[in-house]
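First the structure, in the form of structure tokens, and then the observations on it.
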Amino acid sequence: MGARAKVAILGSGNIGTDLMVKILRLSQGLEIVAMVGVDPASEGLARAERLGIFTTSKGLDGLLASDLFPAIDIIFDATTASAHAAHDRVLQQHGKRVIDLTPAALGPFNVPSVNGAANLDRPNVNMVTCGGQATIPIVAAVNRVSPVLYGEIVASIASRSAGPGTRANIDEFTETTARGIIEIGGAKHAKAIIILNPAEPPLVMRDTVYCLCAEADERAIEASIHAMVDEVQSFVPGYRLNQAVQFERIGHNSPIRIPDLDVEFSGLKVAVFLEVEGAAHYLPAYAGNLDIMTSAALRTAELIANRMKGAAS
């Protein structure tokens, strides 16, 4: 492998195109050599072609048939959950490293600010969802101070930022995000909700995180959350708290019922309100959902490329 890892992107929609622009503008460790789509009229393919990047509208088959394919080190899949399973079967046969930006979740979850170094040697890693990348770090921040019994998140994104792939994956989004809140965030139980906000002008991505946890020092939880926000901001500058962390103590004399679990809870309720403003590398700044997903994928790819480079030396 040369000085920079060669990468290709499957999926020329909003996510794939934003990722392409980020690699070109920000990455010193990756070289994008191919953009793959299925729609010859795709704006993403047209933009890649203008930038001198190899393109094909024949999907993965078109990439396999190209002379570039053998030299590609890492392939990002920004298509759909249903398409990813077929793509991964083929790519694993060729020994390719895969970063999955769909909610297919075939490989282990990867949230850079929480477990970024955990799965760098795995053939396929999954980036959960945009909502997961925004909220799982907060659940993990609470959980490292006080065990989270139940975590619930609501992710609201501008309808304009949701392309056909995102809309096709709504069910997978909720299921995969909830799994990530448990497996990476550390909550015992979880629920995820996504809202496509049709407001005009479009609003930036907003996320609400509720955690029900054991009694603990509120200042310690707040400090943990602020430290995690700083960590995410190191690669997603538009990620921020929208207001102060809120706490509510639920007494034994007035417990609340958690309908999904059919149990009564007493302890501490933590509410965190987030906002993610995009870097406007492709869509305008309201598309923070694109920015946090592609930024997390870029960070992960660079870590994998460094690991591969070290193994080859």
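Numbers here are sequence positions counted from 1. Because only heavy atoms are used, hydrogens play no part in the values below, and waters and symmetry mates are left out as well, while side chains stay in. Quick caveat, the model's predicted, so the values are computed rather than measured.
- Looking only at atom types and distance, the side chain of T294 has a donor-acceptor partner in the side chain of D18 under 3.5 Å away.
- Distance alone, capped at 3.5 Å, is enough to place a donor-acceptor pair between the R97 side chain and the R122 backbone.
- In this structure D260 satisfies the salt bridge (charged side-chain N to carboxylate O under 4.0 Å, His left out) test together with K191, sequence neighbours excluded.
- H87 and N124 share no donor-acceptor pair across their side chains, judged by distance under 3.5 Å alone.
- The hydrophobic clustering, which links ILVMFWY residues whose side-chain heavy atoms are closer than 4.5 Å, places I72 and L19 apart.
- In terms of hydrophobic clustering, with Ile, Leu, Val, Met, Phe, Trp and Tyr side chains grouped at heavy-atom distances under 4.5 Å, I32 and F54 are assigned to different clusters.
- Contact check for I225 versus I138: side-chain heavy atoms found under the 4.5 Å cut-off.
- Dense packing is recorded around CZ of R257, with more than 12 heavy atoms of other residues, nucleotides or ligands lying under 6.0 Å away.
- With no hydrogens or angles considered, a side-chain donor-acceptor pair links N289 and S161 at under 3.5 Å.
- For the pair Y239/I292, a side-chain contact is recorded, criterion being any heavy-atom separation below 4.5 Å from C-beta on.
- Proximity of a side-chain donor or acceptor of S146 to a complementary backbone N or O of A214 within less than 3.5 Å is detected.
- Grouped with L212 in one hydrophobic cluster are L149, Y150, I250, I256, I258, L261, V263, F265, the linkage being side-chain heavy-atom contacts under 4.5 Å among Ile, Leu, Val, Met, Phe, Trp and Tyr residues.
- Contact check for L120 versus M308: no side-chain heavy atoms found under the 4.5 Å cut-off.
- The backbone N or O of V139 sits nowhere less than 3.5 Å from a side-chain atom of N143 that would complete a donor-acceptor pair.
- Tracing side-chain contacts under 4.5 Å through hydrophobic residues (I, L, V, M, F, W, Y), one reaches L290 starting from L30; they form part of the same cluster.
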Working for side-chain contact (heavy atoms from CB on, under 4.5 Å), residues L45 and S57: CA-CA 8 Å; L45 289 181; S57 60; 3.9 Å; yes

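- For the side chain to side chain contact (heavy atoms under 4.5 Å, CB included) with F173, the lone residue among V128, I194, I193, T166 that qualifies is I194.
- N197 and S159 share no donor-acceptor pair across their side chains, judged by distance under 3.5 Å alone.
- The closest side-chain donor-acceptor pair between T177 and T129 falls under 3.5 angstrom.
- Listed by chain and residue number, F69 satisfy the ring pair (Phe, Tyr, Trp, His ring centres under 6.0 Å) test with H94 (two or more places apart in sequence, or in another chain).
- Inter-residue side-chain proximity for K22 and Y282 is flagged as unmet; no heavy-atom pair is nearer than 4.5 Å.
- For the pair S156/L203, no side-chain contact is recorded, criterion being any heavy-atom separation below 4.5 Å from C-beta on.
- Inter-residue side-chain proximity for V154 and I195 is flagged as met; some heavy-atom pair is nearer than 4.5 Å.
- The environment of CD in E200 is crowded: more than 12 heavy-atom neighbours from other residues, nucleotides or ligands sit within 6.0 Å.
- Between the side chain of N110 and the main chain of D100, no donor-acceptor pair closer than 3.5 Å is present.
- V90 and L10 fall within a single hydrophobic cluster, where Ile, Leu, Val, Met, Phe, Trp and Tyr are joined by side-chain heavy atoms under 4.5 Å apart, directly or via other members.
- More than 12 heavy atoms of other residues, nucleotides or ligands shown are found within 6.0 angstrom of CD on E264.
- The backbone N or O of G238 lies less than 3.5 Å from no partner atom in the side chain of Q233, so there is not a single donor-acceptor pair.
- Taken to the nearest 0.5 Å, the CE atom of M205 stands 13.5 Å off from the CD atom of E277.
- V142 has its side chain out of reach of S224: every pair of non-hydrogen atoms, C-beta onward, lies at least 4.5 Å apart.
- Between C213 and I221 the shortest heavy-atom distance is SG-CD1, 4.4 Å.
- Comment: D73 does not engage K96 in a salt bridge, judged by the lack of any side-chain N to carboxylate O separation of less than 4.0 angstrom.
- Side-chain atoms of D77 do not come within 3.5 Å of backbone N or O of V98 as any donor-acceptor pair.
- Looking only at atom types and distance, the side chain of T17 has no donor-acceptor partner in the side chain of E43 under 3.5 Å away.
- A side chain to side chain contact (heavy atoms under 4.5 Å, CB included) with P112 is found for exactly one of L303, V232, T300, namely T300.
- In this structure, a donor-acceptor pair under 3.5 Å is absent between the side chains of H84 and T102.
- In this structure the side chain of L196 reaches within 4.5 angstrom of the side chain of R167, judged on heavy atoms.
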